[in-house]
K.L.:
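First the structure, which I've put down as structure tokens, then a few questions once you've had a look.
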Amino acid sequence: MSDKDIRIGVYICHCGENIAGAVNINEVAEFAKNLPDVAVVRDYLFMCSDPGQEIIKEDIRKGLVNRVVVAACTPRTHEPIFRRACEDAGLNKYYFEMANIRDQCSWAHWHEKEKATEKAKQLIAAAVAKARLLEPLEDRYVELNKNVMVVGGGIAGIFAALDLANAGFKVYMVEKNPSIGGNMAKLDKTFPTNDCSACILTPLMVEVANHPNVELITYAEVESVDGSVGNFKVKVRKKQTYVDWEKCTGCGACINACPPKARVPDEFNEGLSLRGAIYIQFPQAVPKKAVIDPDACIRCSGRWFGEEPRRTKDGKPILAPCEKACPTGACSRDEPRDPNGELIELNVGSIIVATGYKVMDKKQFKEFSDSPNVITALQMERLITATGPTEGKLIVPSDIPKYLEWKKKVEKGKEAELEARKPKVITFVSCVGSRDNRYHTYCSRVCCMYMLKQAMLLKEKYPELDIYMFFIDVRTPGKDFDEYYMRCRNLGIKIFKGKVGGVQKLPDERLLVKGYDADLGKPVELISDIVVLATAIEPNTDLKDLARKLGINVGAEGFLRERHTKLYPVDTMTEGIFIAGCAQGPKDIPDSVAQAKAAASSAASLLAPGKMKVEPLISEVNPEKCTGCGICVELCPYGAIEMVEYNGKRKSKINETLCKGCGVCAAACPSKAITLHGFTYEQVVAQIRTIAKKGVIEEV
Amino acid sequence: MIEGQEEGKMEEWEPNIIVIACNWCTYQAADLAGSLRYSYPPTVKIVRVPCSGRVEPEFIIEALINGADGVLIGGCHPGDCHYKNGNYKALKRFELLKSVIEEFGIEPERVRLEWISGSEGLKFAEVMKEFNDTIRKLGPNPLKWKEINSV
Amino acid sequence: MISETVSETLKEKLKFGLFLGCNIPFNRPDVEQAMRKIFPALNVEIDDLVGQSCCPSWGTMPSVDVVGWCAVAARNLCLGEEKGIDLMAACNSCYGSLNEARHKMLNNPEIMNKVNEILAKIGKKYEGKAKCRHVAWVLYRDVGLEKIKESIKYSLDGLTIAVQPGCHFLWPSEVYPDKEEDPFNPKVLRELCKALGADAPYYTKLIDCCGMGALRSTNPEKSFTLVKEKLECIKEEIDADLIVTTCSSCLIQLDDAQERLRKEGKISFSIPVLHYVQLLALCMGFDPQQVAGICVTPRDEIIKRILESGKR
Amino acid sequence: MNKFILAWAKDREIRKRGQCGGFVTAILKFMLEENIVDYALLVKKGSNLEYSIFLTSNPEDVVDCAGSVLWATPNIAKFIAEYLDTNEYKIAAVCRPCDARAIVELAKMNQINIKNVFMIGLNCSGTFLPATLERMFETLNIRVEDVEKVGIKKDRFVVFLKDGKVETFPLEDLEKSGLGRRENCRRCEVKIPRMCDLACGKWGVIEGKKTFVEICSDRGEIIVKKAVESGVVEFEYASDENVKIRDELENFALKMSEKWQDYYFGQMSSMSYEERRNYWFGMFERCIKCYACRDVCAVCYCNDCILNPWRLLVKGGEIPPSFSFHITRAVHIAQSCVNCGQCQDVCPVEIPLSRIAHKLNKTVQEIWGYIPGIRLDEKQPLSRAENDI
Amino acid sequence: MEVMEGVPPVINLTEVARTEKEEFEKKVSELIIEFGAENLLACMQCGACASICPLARVGFEWYNKKLIKAILIGMKEELLDDSTPWACVACNRCTEICPRQVSPFEVMFAMRRLMVEELAISTLAIEGDRSLYEHGHAVYMTGREARKKVGLPEKPPTTDSDEKALQELRTILKNTKLAELGLIPME
């Protein structure tokens, strides 16, 4: 028997039938009664219910118990509830331990009732064994830095930043592109209201850029993140723009000067057109500044930054065309520029990750042919929008080069006839890469709606167009969405339940589409001028890297994983880091905005008090036992351990605001001088021994 | 001993398996397996630790010495550790421990390290079944037998 | 009178225009006779609506032109409207066609106008007041179950009835003046049968189509597979003593097809089929020859049983 | 300065007393005299087969300790870590390879401040336990009193008698009959202690009383230079021939170790799991839990060892202790074991502890490529944080 | 009239669209809407109508759901050749349950009307109309004996016994599409 006065209360939950249906509660209760130091054993239908908690509180108040073991469901969801109950009744809440006899026992062994009962006994015995060794702990507080970093300047990032900035928090918005705006800036209209994307987005871009509490750091990426909630130390690398942004006015003179040889596919137009090596991301860019793409630049003056210009025979320097064109000298190549850009260090209390998504390239889908007239939906978006490569004129994509030539002539005041072909038939194909085990098993969620939107916009503008849409099934959940679908049907757009399995090029660049109509149960064929693939929304390529830097999780599908699908949808496993928008999973604009605002408010409510309660389940060094070998120092993932002088000797010491309680140090310490509170060596070993001995608790 | 008798005895014998699971992945996977009603042998009992990096070789030694027939450490997949890289550290300790027990004549198959993420409920159940089969084939923990015999 | 509410109808003596349709007067005149017997006895005045025509039935004008359909229907409705009374039909098709036409006219002024343009040529105008009521609803709602119970001389104690309300008794519920509380679990006909002392239990295929009408004329084989399913359900689930319908089409289909299926060896049972008005007339003691004299599936035994053991 | 030199003491007396020209003695004396170090740590021969660890600040004492003693197995590293505050004093220590490796390991663990430990390493092809040596003399019909010193020359055990005679015997034959070098020495895989500042020995010396010195560190070079400048030491650069011979001898010794490793480890590996259990548990049943193996271990350093009875793992008063005693100890030392053989030497019940520790360490070497005690800047695998799998 | 069991093995939508555009004045869907199925386009092919359709149950090819789909695609020729709409019992259960208020029944009947207009029906289908015109009754049997047997006058008080009323009815019919189409001889 232990010397201390330990009175353990064991509370067994039936969880309705969930536990009682497989575990013989009476037998388990009888067993528990005979465990050492157990003073009270009770069972109840729902231990977590109010009356259930009251049973525990009553026993504590009456002094019957001073350690609580609840045998119920998983501590991952219910430990906090019961801890609070203990606290309410006046017991240190760390005198609580849980045995998981539902999720890990009754449910898993539903058809082996006897064995489930046996296992439940052992699990309870292990919990009791641990409970005997529990120690009272006090919550601690950490000071919080009230700045927030928002990673990603798309619609989600913008809203998160604005909400926080308006609430008085300083926000650093880090965007990897030269301009904020994200994918939404590429869209023509937005469902379900069909309002112009630019019209609703650009004012917000300006607002966030001009907000006194927001600091934009565009063309920049997160390099490293250290520290933890309340005290993140972030290094952001601002990429080299090769243009002096202080001087650049965004006039665009340089863009036209950039020679044709230096043209590369324009990312903003999804590769439908070309841009120069020096470019402004798009006309409405914020900040509207030019950057030079060093990979695309052909150094046409034979000069790079910091190099002496070559000179003409009469000694005049030969300048690069962009340099020459720039009215403010922002493009000057006189000074050398560090290709690595600039490293900016930020101290923030919280981080919101809203890095968005990318759409799958059509290249991987060989079955839909390599024709330029098979395009992704995002390309279609660029094709129909007035800011797109064709100024919204609908022509087949294979004729865009013709269009651009024609436009050049017209701009130069020449007369010319545009010979581009206008499509008569457009086919939409859904679930390209989504709901497909070869690519992504998830549904990309917005494709049905944006396909309907594009079809609707097209049909309204060009009623003579024949539009065919192939869906595995149409998913238009929620308010206003099915009504939108209805509108589309009423426009006479032909909708098929069934997937397109093949698109074959015809000699005249038109496309033979092979689909299936589940309604008639027949294969169908048609000739289409354009085929639009609703390619899947997928995580950005570098999302995993970013997640690793941030120490947050990525799901099997590659998106950032939220702490809990239902209850903590914008939280991550790392406290203080929140997620919003498509980085978390495919979603539409309203959902992204809602999530962004949720993330902002989560960050705000976390930081507003200025300090935060932290569970004391962290490690502590016993300096008497510590031999100062320092293994722990290097192993600590949070740099929380340092060597300090103690009685003239070097000993390790843990910084409790940095420690997250992983226990790596405790495990590594050869003399076990480090204790991880809540999971001490003695506690874990007591559990292990008890289970190893099949429920027999060994006296120590 | 007559062969048949031994076999009969073996049939009655059920392995005793301890899983030391990290709170963020494998423990969650076990919960998920339960909530999806994937069944696995009830011989498996889980001890929760915050991170696989918390697992000390002594935990495994204690489990084996005190009679567990198999010990499985469950952690997050490489790169997914909630504590950045505790799982890598766990792996090293585990490899060392495994070679030690092997040298002393305890079948290394009695200890196993698995990366099971929180969403892999099915994998959890499958790994448990497989591990249970492995242990069943190996038979009772010889340490336990030795101790009992020596009494 | 043309009524909007029950309470209104109670104020005065009940009066309806007896809309016969085609099947009843030419094919099953015993149903007509039954109505002519029971209603006066129940103190309901009936008007012959002299000059009435086909409703028009589904295969005729409804299949050609909506306005034409409505015009023919409107002329029939006018016959009642002119006298300030509603029509009353014992044929579901008539009930459906007339009410659906009325519904179209009331909801589409364009149709109404076109119809009245046509009607004007014969000096008529339909204002949309008169409608067609179903005999079953008149009996249930206007006459009332109590009065029916009082009026019968023979009770059906111990008999099990399979009811067949028929499609146009139920849907589209939107167009009908009277509505079952739950058209998918209709009660009116069951209540009416119970008022006669019989048991009228639910069975699975109670609301299913009998397969009459266009289906039977287009493809009798397929039509009979449908009715066979229904008959078998009646036999197996409730082993009914008789089938009671409120539709002349259903009456003919269930009665005719049964005999035919039996001859072809596809079924081995025989369940007499009656229109509800016929059953009521029998219970009220009218001459079976007159009110239930025409059938293919024999009724003698059941009539005998009613008259011998049902006397109150 | 060239890495390889042949050096000797200038002082005649020292040259005479020292084994190979008295270089080591001269250097140590010089360092004390010049106050480069506070203490010199060396081994002093006693009468017959006795010896002691000798710590002195007096330069004159050094000369008394001249000459190598092959039956001396001092636990130099442990001695330094345990009794000397290397943050306070500067020490020059004479070490065999295993001592030096242990010092390096302990330095990584912050138990020795290696900045203050100047290591003069001695090449080593093995040592003898005094008891074994006694039995060997008995077998070989040699009186202990007549023995001046013993040595190993390639595959021969050499006995120098006081009367000036030299007798040699085949080492392998002796060892096969259970005599010869300590078991760990037979398996030893580091013959030249290059982790020291100076690695000294007679290998590669063709003629005359000279010491072949490999200068392994900058400070080693400085000391030698100073000693030469001060006229304490004289030297010549080693010729290619010298170096070649030394390499050959080292390789020969390593080959011999390889053979012994194959022999011992092969034996262990060839056992089935059951045989291993029976073997080791049989051994462990003898254990009287005297803790000598732990106490003597050169790479153990905890203040409060978890094998202490109050640390929960091992029950007090239980003999033999639970196997977890041995398994835990093995886990704790496996990555750092330098195969010094101390544990096995001290075990009163003769459990071949060093054999299993060394074998386990070989596994660590295989998995992580980590050889303990070689490079100061290379952390032990379990102390490294990088994400390598 | 033969019931056409089946649809072409592959439906060539381009050909269907071309035929619809080039060979007909109006789209089938437009016609069907004109003929009374106003909510045709709202159909989302959920199939509820087919689940309770007697025609689908007994194996007709172009039951309500499929008929609507074919119309939406623009198939016309295939549909005109088929008799399914004429088998519709007009039970209207589909109308009751259609979530989009398409009234598949109305589509069926609009299809009948289209077929009538295209004269793509057999003479049998117009027998009813002829009878209606001639007697005022679609179903007209002499049946006098039966009426007498049950004690009723030989002729019911309908157009059958009322020449003036019959003439009224004929006047009405002459002013409908029935006359325009010339389906039946009218004096």
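Hydrogens, waters and symmetry mates are skipped; everything else that's a heavy atom, side chains included, is used. Chain naming here is simple, since letters A, B, ... match the order of the sequence lines and numbering starts at 1 in each.
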K.L.:
Report the distance from atom CD1 of Ile73(E) to atom NZ of Lys522(A), rounding to the nearest 0.5 Å.
P.N.:
12.0 Å
K.L.:
So, for Asp519(A) and Lys66(E), which heavy atoms are closest and what is the spacing to 0.1 Å?
P.N.:
O-CG, 3.4 Å
K.L.:
Is chain E contacted by the side chain of Lys494(A), its backbone, both, or neither, given a heavy-atom distance below 4.5 Å?
P.N.:
side chain
K.L.:
Given heavy-atom pairs under 4.5 angstrom as the criterion, report whether the side chain, backbone, both or neither of Tyr516(A) touches chain E.
P.N.:
neither
K.L.:
Using a cut-off of under 4.5 Å on heavy-atom pairs, state which of Arg487(A), Arg489(A), Lys514(A) scores highest against chain E.
P.N.:
Arg489(A)
K.L.:
Near Lys424(A) NZ, under 6.0 Å, is it more than 12 heavy atoms from other residues, nucleotides or ligands?
P.N.:
no
K.L.:
With a 4.5 Å heavy-atom cut-off, do Ile11(E) and Leu520(A) have their side chains touching?
P.N.:
yes
K.L.:
Please report the closest heavy-atom contact between Ala17(E) and Asp466(A), naming both atoms and the distance.
P.N.:
CB-OD2, 4.0 Å
K.L.:
Could you tell me whether Arg57(E) atom CZ has more than 12 heavy atoms of other residues or ligands within 6.0 Å of it?
P.N.:
no
K.L.:
What's the shortest heavy-atom distance between Gln45(E) and Lys497(A), and which atoms?
P.N.:
O-NZ, 3.3 Å
K.L.:
Under 6.0 Å from the CD atom of Glu38(E), do we count more than 12 heavy atoms belonging to anything else shown?
P.N.:
no
K.L.:
Measuring from atom CE of Met44(E) to atom CE of Met486(A), what distance do you get when rounded to the nearest 0.5 angstrom?
P.N.:
8.0 Å
K.L.:
Pick one of side chain, backbone, both or neither for Ile495(A), based on which atoms fall under 4.5 Å of a heavy atom in chain E.
P.N.:
backbone
K.L.:
Does atom CD of Glu417(A) have more than 12 heavy-atom neighbours, drawn from other residues, nucleotides or ligands, at distances under 6.0 Å?
P.N.:
no
K.L.:
Around atom CD of Glu118(E), are there more than 12 heavy atoms of other residues, nucleotides or ligands at under 6.0 Å?
P.N.:
yes
K.L.:
Taking CD in Glu367(A) as the centre, count heavy atoms belonging to other residues, nucleotides or ligands within less than 6.0 Å. Is the count above 12?
P.N.:
yes
K.L.:
So does Asp482(A) pair up with Arg100(E), basic N to acidic O under 4.0 Å?
P.N.:
yes
K.L.:
Please report the shortest heavy-atom distance between Lys21(E) and Glu464(A), naming the atom on each side.
P.N.:
NZ-O, 4.2 Å
K.L.:
Among all residues two or more places apart in sequence or in another chain, which pass the side-chain hydrogen bond (donor to acceptor under 3.5 Å, both in side chains) test with Ser430(A)?
P.N.:
none
K.L.:
Can you see which heavy atom on Tyr468(A) is nearest to which on Leu13(E), and at what distance?
P.N.:
OH-O, 3.6 Å
K.L.:
Answer yes or no: is there a side-chain heavy-atom contact under 4.5 Å between Phe496(A) and Lys69(E)?
P.N.:
yes
